[in-house]
Structures are given as structure tokens and as C-alpha cells.
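Take a look at the structure below.
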Amino acid sequence: MNDPDQEEISKRRGIYLPSFLIYGGVSGLYDYGPYGSRIKDNVIRIWKDMMLSEGNVAEYDGTSLTQISVLKASGHYDRFFDYSTECENCHTKFRVDDLLEKRNIEVRLDQDYLTRALKEDNIKCDKCGGELGEVKIHKLMFQVEQGQNSDPLFLRPETAQGIFVNFKEYYRFFREKLPFAIIQVGRGYRNEISPRKALYRLREFNMMECESFFDPENERWVNEPPDSFKVKMAANTGEEFFISPREAYERQIVKSQPLAYFIGKSFQFYVRIGLDPDRIRYRQHKKDELSHYSSDTWDAEALTSTGWIEITGIAHRGTYDLSRHIETSGKDLYAQRVIPSRKVMEEVVEIDYGLIKKKFVNDAPAVISALKNNQDFVTIKGEKIKLAEFLIKSHVEKIIDRENFIPTVIEPSFGLDRIIYSLFDQNFTTRAESGFNVLRIPSEISPYEAVVLPLMPNDSLDKVAREVFSQLLAKGGRVLYDESGSIGKRYARYDEVGIVYGITIDYDTLKDNTVTLRHRDTREQIRIPIKEIMNYVRSSPWNGKKN
RNA sequence: GCAGGUGUUGUGUAGCCUGGUAGCACAAAGGCCUUCCAAGCCUUUAGCCCGGGUUCAAAUCCCGGCACCUGCACCA
């Protein structure tokens, strides 16, 4: 039997669908519908809870529109343009900067220059020797006009930069103690050349990013990498391991302790939201795969029906971003560390204004400005005057017990849409006996905790069911009500969108105030009193169970 | 972005070649019936991706655009 078609179900059942569909849609843009939005929010909520529970993590929420200077500093602006050319004979595409670099020809990001360079150096197709076509530009960031004469703004290609530029706010918030981390959930925008596979490659996408900051002399997270479980790891040496994150660090397969920690943390997160632990692996980037800012990156990948796909990148960004922002903005984004205190004598030079006024009443300003210009002499009324005598030099004892440093950054960056895509891919199953679809996601990810169903829409069953529905809503339950269609049809309807519990109001309910509780995965039923529904649904041994 | 293919009610599709009232199944809504896993019967809603052209007449033929699929390239 074929796997259920995720996109078909998602569209039909309001999980996600292409944006602006009535006008034909836009490539790379997708919306979440009534069920999908709730699933997405649940994933975000759990992620935030897990990150914030570390104790030294705080949240940031920045704008999507980003100032050009930020992106110039971060290095994204230089990669704003992708210059490509195509062989007119065999239609192979090349990046023009690659072609020039290979031949040791200077690369300038300028269309005219690159076109000329290709012609003048008579560069041909690397594959077949054919003529190369014109140089085409592809903009990789979305540009937005602002006002009339102002600089344009850009839609952020990652949420991280907003965090880096606000580093000092958080440094103070955490009482100037490292390590700490800042998390942000938000949208990023990349003008992908060809978006594909529904949620897999989008032009506007949801990211959950965490920037953790360290003293490079003590690059350790507050907690140790877990060793209670093992994960699959593929190092860029070609070696593969199945070991705990702690062991991976101890054996230096993962060189950085926090990086190993976040590998463990992300794994716990995936398992909690319902990804299959056997279908998750961590793969280290090869040297030529690394981003411009990273020295070491491990991707978390999920195995889906289309192969392993990247769902999270855990990158060691070093001091790259903060140093770039220090350099470009001229602002202090340093952290400080306490060092053994030592005394230094510092020479302090002050101008003796009293003496100057006394000696030169009207010419005092000329003398003062000469001093401020660091001149040694000044000529007043034809007389050359030595200025040294108007300076008071003293020695002050100073205690130095701090020094500046640029923190290093380790960034786990979770691709929310890809995680949801993998979650559906791994958890949509078809019942062998009936052919109906079941979305087996954990209850806390489910769009609703339960659905209230009168066995029949009459005999006052519907009336009682509505009462039960209201009671559950009043208790804060995430519940739905449905009386339309046969009971079996309704069970199937909610199986398909992942709701774990069916609460059926039947004829026994009228007698003894109990209901039938039916489980999505096992289809088993039990009776429990109305009063206990909420409690049971939230704490039941069935919760999250799979079979 | 290139090459090839595809686009028909909410979903899956027939019809296109050979132009002439757009059909089926499921889903959904209303009704009858019905005491736990998509039952049955009646009724209803709802569609030719968008724009232009050819033609008396276009879902059908032609052109352009958009979207999707596969491959290539791209993925900072």
C-alpha cells in the first residue's frame, strides 16, 4: 500500500496549503490552516519550554525587516547576488565567481565586470568547451523599499542577526555572566531559486533559533551533554557512530561541549514531539559545505520517504558575528572576564587652566587650543612659549581586574516547517484493515486534545454532549464538538488529523454520567466519569503511545 | 532558472487526440434511518489555473503567464 499523500491530506483537511491559492498561488509560500496552525503552535510551545527550562535562556522577538548595515556586517550582503551563466551548447549552469576563481582571475561582484572577464579571458564551458551565455543575477534576499530616499530594507535571511546586535541588552539581563543563550522564533526569508516539496524548501519559513554565548577560554554549557540515550552520528571523516552525546564529546568526535549538549537537547525535543528516534541522525558538514561564518556544523537530519532531510543546523559560529558587528558599528559588544587583579601606574595629564588665565588673560583661548592640538609651542604676541609648563602630570594607581573578549557562539537553528514536514511524513499511517489514515502524533502536539461526540445527534444525547463540551472548554480543554455523520465516520475524521481521544456521549451517559473514551491508535475504549475526562486525557497512560 | 511533463467542484479523477449541454467516486451540507469504528436511502452545494487569440462555438486548438511534478543547477 502506498504511503498516505501528506500534501493531499494537508490540503483537504486544513493542515497546510499553498498560499493565495484562488489566484494561482506563489511558489515557495505556504499557509497553515486550522489544524496545522495549532500543531505548529504546539511544537513552538514545547521547544520554548524546553529551551527556557535551561534557566539561563531568555527570549528575543525582533523585526523581520533588517537594516542594510546589519547584513553588510554579517556577510549576507556580499552573498546577496548569485552570478550565473549557462553553456549555450550543453546547458550546464556555472557560478561565474567559481569559474574565475578556478583560473585565479579577480572576482568583483559586478555584472559588467564579470561579463567582460568571461569574454576577455575567453572562458569556455568546463564540461563541453561550448560558448557561455550572458551573466545572470539572482537576488538571494528580498529587498523592500522604505520611504522615498532612505536605504532599502531587507527581509532577514535568518533570525540570528537581530540577536547578535542586541547582545549587550542580554549581557546586562544576565548580570554579565556567561554562558547564556537567547532564543527567537520567527520567520526568515530566502529567495530560493527553486522552492520544492511543499514545506521542505520555502521562500518564507519559520525558524526557531538559539544563540548561546561563551567565554572562548571556557566553552562549556551549564549542563553536561546527556548520556542516557544514543544517537546516530556521521562525522565528516566518513566514520559513523551510535553513541551518547556525552561520549561523543568525551571522545572528541564532537569537539565542542555545548555543541554536543545541543545535539542531545535537540534529540530529546524531536522524540518528544513524535519523530522516530531511529530515523534521526546527526551529520557533520564537510569543510567545503560550511557556511561563511562557521568552523564546524552538525546537521540534524530526519529520514523521510524522500530520504534524509536537514531539519536543524547546529553551527559553531565562533566569534564571527560579534566581531563583524564590533568592527562595522564601532560599538562595544565585548564581554568581560575577571582576571587576577594587578596594579598599574597610569600617567594622567591635565591642563592647568588657572595658571594659563593668570598669565595670558586675553590670549588664554589660543593657548588652550594649542594644548588641545598637542602642540609643544605656541606663539603669542611674537613670543614663542613652551607649553609643557601648563600641563600637570601625575601618576595614578589603577587596579585592573577585568579584560575584554568576544564571546564565541554556538547556534542550534531549527527549521520549524521542515520538522513539521518530517513529523507528518513519519507519522501518517494507513490502517491496513480499512485503508483510513491516522496521524500518530503525541497528544501534546495534537491540534486538539479530544473531540466530543454524541453517539446520535438526538435523544438528548446531543444536548448532553454540548454540555460536556462547554464544561471541558471552561476547564481550558482544547476540544472540538461534532455530531455530523455516523460515529465511525467521525472517529476516522479525527484520526486523520491526529486527535488522540474521542469522547462519546451514549445512552449509558444519560444513566450514570460516564462517557466512552476512545483512543486513536489502539481504537480501544474505556468508560470514565464525565468529571474525570480532562484529568484522564492529560495524564493517561495512553498519552503519546504508539503501536 | 533550464529541459520534459501536468493543471477539470473540497479531494481523486473521466472528458482533450477528433471543438458543440462537463460526468463519476469520495468528502461536505440538509432530511429519513441508525445504540460505537467512513452503513443505507432521498436531496443539495460545488469545478474546466489565469489572460489573450482562432472559431458561429474552446475544458478541448494556438500564444503568453502562474502553479505543481521529475531531472539539472542553486540552497549563503
Side-chain angles (χ1 to χ4, degrees), chain A residues 4-5 7-14 17-30 33 71 74-88 90-95 97-98 127 133-134 136-141 157-158 160 188 190-198 200-203 205 289-294 297 306 309-310 313 315 415 418 431 433-438 453-459 461 482 484-496 502-510 515-520 522-527:
Chain A
D5 180 342
E7 282 185 64
E8 186 266 313
I9 299 171
S10 292
K11 204 167 155 190
R12 179 162 50 77
R13 295 308 309 275
L17 71 166
S19 304
F20 315 119
L21 208 45
I22 66 164
Y23 289 109
V26 180
S27 183
L29 301 182
Y30 276 77
L71 297 162
S74 70
H76 288 98
Y77 186 80
D78 290 338
R79 293 161 182 77
F80 184 10
F81 297 118
D82 173 26
Y83 295 90
S84 63
T85 184
E86 187 178 321
C87 171
E88 287 172 349
C90 71
H91 297 289
T92 307
K93 258 202 149 188
F94 300 96
R95 284 186 64 113
D97 40 344
D98 285 349
K127 262 195 190 157
E134 57 175 328
K136 288 182 183 166
I137 309 178
H138 184 78
K139 296 181 176 185
L140 296 161
M141 285 197 292
E158 59 175 13
R190 292 180 191 185
N191 192 7
E192 298 286 355
I193 293 169
S194 92
R196 285 282 162 90
K197 289 202 176 65
Y200 179 65
R201 192 183 298 153
L202 296 171
R203 291 206 167 114
F205 51 96
E289 235 183 311
L290 290 167
S291 314
H292 64 286
Y293 48 72
S294 179
T297 297
T306 52
I309 64 169
E310 179 196 343
R418 290 178 173 194
R431 290 201 203 280
E433 67 282 7
S434 59
F436 303 138
N437 302 313
V438 188
L453 310 162
L455 186 61
M456 299 291 157
N458 46 33
D459 292 338
L461 292 174
D482 191 354
S484 140
S486 73
I487 189 68
K489 182 179 264 192
R490 281 177 279 159
Y491 286 147
R493 200 178 273 159
Y494 295 101
D495 285 348
E496 197 173 41
I503 298 162
T504 306
I505 280 53
D506 51 31
Y507 289 94
D508 288 341
T509 311
L510 303 179
V515 296
T516 300
L517 201 64
R518 180 261 191 193
H519 193 272
R520 177 193 67 201
T522 61
R523 303 196 298 170
E524 281 169 12
Q525 303 190 343
I526 56 166
R527 290 205 76 78

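Order of the sequence lines fixes the chain letters, A, B, ..., with proteins taken first and strands second; residue numbering starts at 1 for each chain.
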In a table with atom names and distances, give each donor-acceptor pair under 3.5 Å that connects a side chain of residues 18-28 of chain A to protein atoms at least two apart or in another chain.
from, atom 1, to, atom 2, distance (Å)
A:Ser19, OG, A:Leu29, O, 3.3
A:Ser19, OG, A:Tyr30, N, 3.3
A:Ser19, OG, A:Asp31, OD1, 2.7

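- Pairing for B:A46 is absent, with no Watson-Crick or G-U wobble pair whose two atom distances lie under 3.5 Å.
- Looking at residues two or more places apart in sequence or on another chain, you find a salt bridge (Lys or Arg N to Asp or Glu O under 4.0 Å) between A:Arg493 and A:Asp482.
- Across all strands shown, A:Gly28 has heavy atoms under 4.0 Å from sugar-phosphate atoms exclusively, and none from any base.
- Comparing B:C62 with B:C17, their C1' atoms are spaced 15 Å from each other, to the whole Å.
- For the P atoms, the distance linking B:C2 with B:U21 amounts to 38 Å, nearest Å.
- Judged by distance alone, with hydrogens and angles left aside, A:Asn458 brings a side-chain donor or acceptor within reach of the base of B:U34, the pair sitting under 3.5 Å.
- The backbone N or O of A:Tyr293 lies less than 3.5 Å from no partner atom in the side chain of A:Ser291, so there is not a single donor-acceptor pair.
- Taking a cutoff of 4.0 Å between a charged side-chain nitrogen and a carboxylate oxygen, A:Arg13 and A:Glu8 do not qualify as a salt bridge.
- Whole-Å rounding puts the A:His292 NE2 to B:C75 C1' distance at 14 Å.
- Here the separation of B:U11 from B:A73, taken at their P atoms, is 34 Å to the nearest Å.
- For B:U34, neither phosphate oxygen OP1 nor OP2 lies less than 4.0 angstrom from any side-chain nitrogen or oxygen of A:Ser486.
- Among B:C68, B:C37, B:A76, the nucleotide with an atom closest to any side-chain atom of A:Tyr491 is B:C37.
- Not counting sequence neighbours, the partners of A:Thr516 by the side chain to side chain donor-acceptor pair (under 3.5 Å) test are A:Asp506, A:Arg527.
- Between the CD atom of A:Gln525 and the P atom of B:C37 there is a distance of 8 Å, rounded to whole Å.
- At least one donor-acceptor pair closer than 3.5 Å links the side chain of A:His292 to the backbone N or O of A:Ser74.
- At the heavy-atom level, A:Pro457 lies under 4.0 Å from base atoms of the strands shown.
- Salt-bridge check for A:Glu524 with A:Arg518: failed, with every basic side-chain N at 4.0 Å or more from each acidic carboxylate O.
- As a whole-Å value, the separation of A:Glu289 CD from B:A76 P is 9 Å.
- If you check B:A73 for Watson-Crick or wobble pairing at under 3.5 angstrom, you find it has no partner at all.
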- [ ] Walk me through it: do A:Arg418 and A:Phe205 pass the test side-chain contact (heavy atoms from CB on, under 4.5 Å)?
- [x] CA-CA 9 Å; A:Arg418 290 178 173 194; A:Phe205 51 96; over 6 Å; no

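- Using a 4.0 Å heavy-atom cutoff across all strands shown, A:Thr504 reaches at least one base atom of the nucleic acid.
- Residue contacts shown for A:Arg13 are absent, as no nucleic acid heavy atom lies under 4.0 Å away.
- On a pure distance criterion of 3.5 Å, no polar donor-acceptor pair joins the side chain of A:Arg490 and the base of B:C37.
- A:Thr297 and A:Ser294 share a donor-acceptor pair across their side chains, judged by distance under 3.5 Å alone.
- B:A27: no Watson-Crick or G-U partner with both key distances under 3.5 Å is found in any strand.
- Between the CE atom of A:Met141 and the P atom of B:C75 there is a distance of 15 Å, rounded to whole Å.
- In this structure, A:Arg431 pairs ionically with A:Asp495, as a charged nitrogen and a carboxylate oxygen lie closer than 4.0 Å.
- Closest to the side chain of A:Tyr507, from the set B:A73, B:A76, B:U35, is B:U35.
- Put simply, CG on A:Leu455 is 9 Å from P on B:C37, counting in whole angstrom units.
- In this structure, the side chain of A:Ser486 engages the main chain of A:Lys489 through a donor-acceptor pair within 3.5 Å.
- If you take atom C1' in B:U43 and the same atom in B:U60, they sit 33 Å apart, rounded to whole Å.
- The gap from the P atom of B:A22 to that of B:A58 amounts to 12 Å, rounded to the nearest Å.
- Distance CD1 (A:Ile526) to P (B:C37): 18 Å, rounded to an integer number of Å.
- Atom C1' of B:U13 sits at a distance of 14 Å from the matching atom of B:A59, rounded to the whole Å.
- Within the nucleic acid shown, A:Arg190 comes within 4.0 Å of at least one base atom, counting heavy atoms only.
- Straight-line distance from the OH atom of A:Tyr77 to the C1' atom of B:A76: 15 Å, rounded to whole Å.
- Side-chain atoms of A:Lys197 lie closest to B:U70 of the nucleotides B:U70, B:A73, B:A76.
- Here B:U34 sits opposite no nucleotide as a Watson-Crick or G-U wobble pair (both hydrogen-bonding atom distances under 3.5 Å).
- As rounded to the nearest Å, B:G4 and B:G47 have P atoms that lie 34 Å from one another.
- At the phosphate of B:C75, neither OP1 nor OP2 sits under 4.0 Å from any side-chain N or O atom of A:Ser194.
- Annotation: salt bridge (Lys or Arg N to Asp or Glu O under 4.0 Å) contacts of A:Glu7 (sequence neighbours excluded): none.
- Pairing for B:U6 is with B:A67, a Watson-Crick or G-U wobble pair whose two hydrogen-bonding atom distances lie under 3.5 Å.
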Could you run down the sub-3.5 Å N/O contacts of the protein with nucleotides 28-31 of chain B?
from, atom 1, to, atom 2, distance (Å)
B:A28, OP1, A:Arg493, NE, 2.9
B:A28, OP1, A:Arg493, NH2, 2.2
B:A28, OP2, A:Lys489, NZ, 3.1
B:A29, OP1, A:Ser484, OG, 3.2
B:A29, OP2, A:Ser484, OG, 2.9

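- Across the C1' atoms, B:A27 and B:C68 are found 23 Å apart, a figure rounded to whole Å.
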Polar atoms only, N or O, under 3.5 Å: list the protein pairs with nucleotides 4-12 of chain B and their distances.
from, atom 1, to, atom 2, distance (Å)
B:U11, OP1, A:Lys11, NZ, 3.3
B:U11, O2', A:Glu8, OE2, 2.6

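- If A:Pro157 and A:Glu496 are placed on RNA chain B by their nearest nucleotide, the residue sitting closer to the 5' end is A:Glu496.
- No hydrogens or angles considered: a donor-acceptor pair under 3.5 Å links the side chains of A:Tyr491 and A:Thr504.
- Between A:Leu202 atom CG and B:C75 atom C1' there is a gap of 13 Å when expressed in whole angstrom units.
- For B:G20, the paired nucleotide is B:C56, the pair qualifying as Watson-Crick or G-U wobble because both relevant distances are below 3.5 Å.
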